[in-house]
Amino acid sequence: QVQLVESGGGLVQPGGSLNLSCLASGRFFSINAMGWYRQNPGKQRELVAAVTYGLSPNYADSAKGRFTISRDVAKNMVWLQMNSLKPEDTAVYYCNAQIRTITSFDEYWGQGTQVTVSS
């Protein structure tokens, strides 16, 4: 079984920065893609940033120029560096991974880490 664990969320003031980390653990052959999504109560979960093996990252328009996703394939980790944070960035951020195991190729989710941007 695969587990994704996020960390790095917290409370910051507008204009501040946070770095989110996600570690995938368990037994699997490979991780094709990893990414970050966010969700506020009553809203749809939305893509923030994602990176697929061998390709350049893609970002939501709201994240472009402010957020940077990075991945270490060997360590099964992905990070989201968030700069110039705005109140509208407040959400629970979820790590996502497309993982190939011995029996399937499935999508996995972490339990989320809260990011709050407020004065």
Side-chain angles (χ1 to χ4, degrees):
Q1 191 173 9
V2 178
Q3 183 178 21
L4 304 180
V5 179
E6 306 103 330
S7 63
L11 173 64
V12 296
Q13 296 184 29
S17 298
L18 285 173
N19 186 262
L20 307 182
S21 300
C22 176
L23 171 66
S25 61
R27 294 181 292 105
F28 49 84
F29 290 119
S30 62
I31 301 176
N32 181 57
M34 300 187 77
W36 292 93
Y37 293 70
R38 66 188 181 190
Q39 186 172 26
N40 275 323
K43 297 181 179 180
Q44 296 286 100
R45 186 173 298 185
E46 64 176 356
L47 171 71
V48 179
V51 59
T52 301
Y53 183 82
L55 301 176
S56 298
N58 63 85
Y59 298 91
D61 288 341
S62 62
K64 291 179 180 178
R66 300 188 298 125
F67 296 179
T68 302
I69 188 170
S70 58
R71 179 185 177 189
D72 189 322
V73 175
K75 294 182 179 180
N76 302 318
M77 293 190 69
V78 66
W79 297 265
L80 183 67
Q81 178 65 45
M82 303 187 293
N83 299 322
S84 301
L85 284 163
K86 305 174 181 179
E88 50 262 44
D89 295 318
T90 296
V92 177
Y93 284 69
Y94 296 91
C95 182
N96 169 269
Q98 298 173 14
I99 299 178
R100 179 74 167 89
T101 68
I102 192 170
T103 59
S104 64
F105 184 82
D106 292 319
E107 192 170 62
Y108 294 84
W109 295 92
Q111 294 195 14
T113 183
Q114 177 71 48
V115 171
T116 302
V117 185
S118 176
S119 299

Yes or no on side chain to side chain contact (heavy atoms under 4.5 Å, CB included) for Arg66 and Met82, after CA distance, side-chain angles and deciding distance? CA-CA 6 Å; Arg66 300 188 298 125; Met82 303 187 293; over 6 Å; no

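- Of all the heavy atoms in Ser25 and Phe28, the pair that sits closest is C-CE2, 3.9 Å.
- More than 12 heavy atoms of other residues, nucleotides or ligands shown are found within 6.0 angstrom of CD on Glu88.
- The nearest pair of heavy atoms linking Leu4 to Cys22 is CB-SG, 4.1 Å.
- Judged by distance alone, with hydrogens and angles left aside, the side-chain atoms of Tyr94 form no donor-acceptor pair with the main-chain N or O of Gln39 at under 3.5 Å.
- Under a 3.5 Å cut-off, the side chain of Thr90 and the backbone N or O of Val117 do form a donor-acceptor pair.
- No more than 12 heavy atoms of other residues, nucleotides or ligands sit less than 6.0 Å from atom CD of Gln44.
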Does the pair Lys64 and Asp61 meet the rule for a salt bridge (Lys or Arg N to Asp or Glu O under 4.0 Å), with working shown? CA-CA 5 Å; Lys64 291 179 180 178; Asp61 288 341; 3.2 Å; yes

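- Here Gln81 contributes atom CD and Ile69 contributes atom CD1; the two are 12.0 Å apart, rounded to the nearest 0.5 Å.
- For the pair Thr116 and Gln114, the tightest heavy-atom approach, listed with the atom from each and the gap, is OG1-NE2, 3.3 Å.
- Side-chain N or O atoms of Asn40 include none that pairs as donor or acceptor with a backbone N or O of Lys43 at under 3.5 Å.
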Passes side chain to side chain contact (heavy atoms under 4.5 Å, CB included), Tyr59 versus Thr68? Steps please. CA-CA 8 Å; Tyr59 298 91; Thr68 302; 3.9 Å; yes

Side chain to side chain contact (heavy atoms under 4.5 Å, CB included) for Leu18 and Tyr93? Distances and angles first, verdict last. CA-CA 12 Å; Leu18 285 173; Tyr93 284 69; over 6 Å; no

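- Remark: the backbone N or O of Gly112 is paired with a side-chain donor or acceptor of Glu6 at under 3.5 angstrom.
- Put simply, Leu80 and Tyr37 are part of two different groups of oily side chains (I, L, V, M, F, W, Y) that touch within less than 4.5 Å, one to the next.
- Note: Ser30 OG to Asn32 CG = 7.0 Å, rounded to the nearest 0.5 Å.
- Looking at heavy atoms from C-beta onward, Thr113 lies out of side-chain contact with Ser7 at the 4.5 angstrom threshold.
- Heavy-atom contacts from other residues, nucleotides or ligands closer than 6.0 Å to OH of Tyr53 number 12 or fewer.
- The heavy-atom pair separating Val78 from Cys95 by the smallest distance is CG1-SG, 3.9 Å.
- Annotation: Leu55, atom CG; neighbour count of heavy atoms from other residues, nucleotides and ligands within 6.0 Å is above 12.
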I would like to know whether Ile99 and Asp106 meet side chain to side chain contact (heavy atoms under 4.5 Å, CB included); could you show each step before the answer? CA-CA 5 Å; Ile99 299 178; Asp106 292 319; over 6 Å; no

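- Separating the OG atom in Ser62 from the CG atom in Leu47 is a distance of 9.0 Å, to the nearest 0.5 Å.
- When each of Met77, Arg100, Arg71 is tested with Ile31 by the rule side chain to side chain contact (heavy atoms under 4.5 Å, CB included), just one qualifies, namely Arg71.
- Closest heavy-atom contact between Ser84 and Asp89: O-OD2, 4.4 Å.
- A single hydrophobic cluster is seen to contain both Phe67 and Val12, as judged by linkage of ILVMFWY side chains at heavy-atom distances under 4.5 Å, directly or through other members.
- Nearest heavy-atom pair, Met34 versus Ala24, reported as atom, atom and distance to 0.1 Å: CE-CB, 4.4 Å.
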